[in-house]
Amino acid sequence: MSPISIALLIIAITVVLFIWEPIPIIVTAIGASIAFAYTGLIEVSDIFTGYNSTTIVLLAGMMVIGSSLFHAGITDLIGEKMVRVTGKSERNIILATLIVSCVLSSVCSNIGVMTAMAPLVTTMCIAAGVGPSKALLALLFGAQFGGFVTLVGVGSNATANSVMSDLGITPFGFFSITPFGIGVCILGTLYFTFIGRKMIPDTGYVPEFAKTEKKPLDKKKAAISVVTLLCVLVVIAASPDNMPMHVAAVIGALVIVGTKCMSVQEAIRAIDWNCMLLVGSLTAISTGFKNSGAGDAVAEMILKILGDDPSPFMVTTVIFFAAAILTQFMSNIPSIMLFLPIGISIAEQIGVSP
C-alpha cells in the first residue's frame, strides 16, 4: 500500500472509533500515533514527542491559576452580585450567566467554569422561580464563547496552536485571537439572550449538583488568586524575551500552591489530563498525516472542486462547514487535528496565510 493509502486507512479507522467511542478517545488517539510510527509514516521516537510541548505546560499552569478562583470562593461573591442585578427575570439571569461565563472562561478552563458555576446558576434560577435548563445551556455556550478570547479557554485552541508550531507554521500569541473572540462573545450573547433562548424548551430538570456544597469566601486566598492571575496575564501580554508565557503560567501556579490557596492534590485535580494527553498524541497523528502526503492529496481534490484559482473565502467556507459537519459526530479536537494539515496544504498551494 502507498503511504497515502495507509494514512487514509488509519485516519478512517480513527474517525470511526472517535465517532462511536467503543474505547476512550485518548486510547484511540495514542493507538493511532503508534500505528503511524510502525507503518513508517513517523519515527518511533516521535510517538510521544508531542508531550514535550510548552503548550501543555501553559495549559496546565493556567488551569491551576483559574481553578484557584473557585477554591477561594470568589465565584460565590460574583454570584451574589449577579442576583442583585438580575432579579427574577429569566432573560436577565441568562444574560448575566453568559457575561460572567464568557469572562471567566477567557482565562480559566471552560470545563472548570461550567462545573464550578452550574450549582450557582441553578440556585439562582430556583430562587427566582425559573427553570434552570435554559440558564445552564447559556452557561455552556458562554463558557464556549469566552474560550475563544485567549488560547487557554478551550483546549482546542492550544492544541491547534501547538500543532501549527510543530508543522512549521508561526503560531498565534496568547491574545492574538482576542479581537475575534470578543466579537464571538458579543454576538453569541446577544443572539442567545434575545432569540436563541426562545427556541429552547424548559425541560423542568433540576440537577443534583444544585445541592453541591459551596466554598466559603476566603478574602486572603481570593486576593492572592486575583492578583496572581492579573500579573500572569500582564506578563503574557508584554511577552518579554526572557519570560515565555508558559514559564509565567508555571510561576503563577507555583505562587498559588506555595501560598496554600490550593493544595498540591487540588492543583493536580484542576488539570484536565485528558486534554493534555490529546494535545500530545494528536500532534503525532497530524504529523503522520502530513508526512504521508494525504493532506496534499485531499487539498488538491478540494482545489479541483473549487477551481484553479479559488478565493481564500471559498476555501475557508468549505473547510468551516466540513469541520462543522464532522464535529456533529466526533470530538472537536480530533476534527481540528484532521483538518489542520489539509488547510495548511491548501493555503500553501494557493499562496495565502495558513
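All values reported here derive from a predicted model rather than from experimental measurement. No hydrogens, no waters, no symmetry mates; every other heavy atom, side chains included, goes into these values.
Looking only at distances, a side-chain donor or acceptor of Ser33 sits under 3.5 Å from a matching main-chain atom of Ala29. Judged by distance alone, the side chain of Asn291 and the main-chain N or O of Leu41 form a donor-acceptor pair under 3.5 Å. The backbone N or O of Thr150 sits less than 3.5 Å from a side-chain atom of Asn157, completing a donor-acceptor pair. No donor-acceptor pair closer than 3.5 Å links the side chain of Thr193 to the backbone N or O of Leu190. No donor-acceptor pair under 3.5 Å is formed between the side chain of Ser165 and the backbone N or O of Pro171. Without hydrogens or angle criteria, Asp218 side chain to Lys221 main chain gives a donor-acceptor distance under 3.5 Å. With Trp273 contributing its side chain and Ile268 its backbone, the two residues share a donor-acceptor pair below 3.5 Å. Without hydrogens or angle criteria, Thr39 side chain to Phe36 main chain gives a donor-acceptor distance under 3.5 Å.
To the nearest 0.5 Å, atoms CZ (Phe192) and CE (Met199) are separated by 11.0 Å. With rounding to the nearest 0.5 angstrom, the OG1 atom of Thr28 is 8.5 Å from the CD1 atom of Ile285. The line from OG1 of Thr189 to CZ of Phe194 is 10.0 Å long, rounded to the nearest 0.5 Å. Rounding to the nearest 0.5 Å gives a distance of 10.5 Å between OG of Ser68 and CD of Glu266. One distance of note links CD1 of Ile346 with CE of Met301; it measures 9.0 Å at 0.5 Å rounding. Rounding to the nearest 0.5 Å gives a distance of 9.0 Å between CD1 of Ile6 and OG of Ser292.
What you find for Cys102 and Cys185 is that their closest heavy atoms are SG-SG, 3.8 Å. The two residues Thr14 and Ala32 have their closest heavy-atom pair at OG1-CB, 3.5 Å. Of all heavy-atom pairs spanning Asn161 and Phe172, the tightest one is OD1-N, 2.8 Å. A pairwise comparison of heavy atoms in Ser105 and Ala143 identifies OG-O, 3.0 Å as the closest pair. Between Ala222 and Leu217, the closest heavy-atom pair is CB-CD1, 4.1 Å. Pairing each heavy atom of Tyr51 with each of Met276, the nearest pair is CE2-O, 4.0 Å.
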Start with the C-alpha distance between Met243 and Ile251, add both sets of side-chain angles, then the distance that settles side chain to side chain contact (heavy atoms under 4.5 Å, CB included), and finish with yes or no. CA-CA 10 Å; Met243 183 63 70; Ile251 292 175; 3.8 Å; yes
Step by step, would you call Glu43 with Thr49 a side chain to side chain contact (heavy atoms under 4.5 Å, CB included)? CA-CA 10 Å; Glu43 298 292 331; Thr49 54; over 6 Å; no
Let's go through Ile256 and Ser225 carefully: what are the C-alpha distance in whole Å and the side-chain angles of both, what is the deciding distance for side chain to side chain contact (heavy atoms under 4.5 Å, CB included) to 0.1 Å, and is it a yes or a no? CA-CA 7 Å; Ile256 294 298; Ser225 297; 4.1 Å; yes
Full working for side chain to side chain contact (heavy atoms under 4.5 Å, CB included) between Ile94 and Glu90: CA-CA 6 Å; Ile94 287 175; Glu90 179 188 67; 3.9 Å; yes
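Connection of Phe145 to Val149 is not established within any shared hydrophobic cluster, with ILVMFWY side chains joined at heavy-atom distances below 4.5 Å, either directly or through further cluster members. Cluster membership for Ile271 and Val250, using ILVMFWY side-chain heavy atoms within less than 4.5 angstrom, is not shared. In the hydrophobic clustering of this structure, Phe320 does not group with Phe313; members are Ile, Leu, Val, Met, Phe, Trp, Tyr whose side-chain heavy atoms approach within less than 4.5 Å, directly or through other members. With hydrophobic clusters built from ILVMFWY side chains whose heavy atoms lie under 4.5 angstrom apart, Val184 does not share a cluster with Ile186. Val232 and Val103 fall into different hydrophobic clusters, where Ile, Leu, Val, Met, Phe, Trp and Tyr are joined by side-chain heavy atoms under 4.5 Å apart, directly or via other members.
By the 4.5 Å heavy-atom criterion applied to side chains, Leu136 and Leu140 are not counted as neighbours. Between Val257 and Ser263, every side-chain heavy-atom pair lies at or beyond the 4.5 Å cut-off. Here the side chains of Glu348 and Ile169 are in contact, with some heavy-atom distance below 4.5 Å. With contacts defined as side-chain heavy-atom distances shorter than 4.5 Å, the pair Val121/Pro132 does not qualify.
Using a 3.5 Å distance cut-off with no hydrogens or angles, the side chains of Ser2 and Ser5 do pair a donor with an acceptor.
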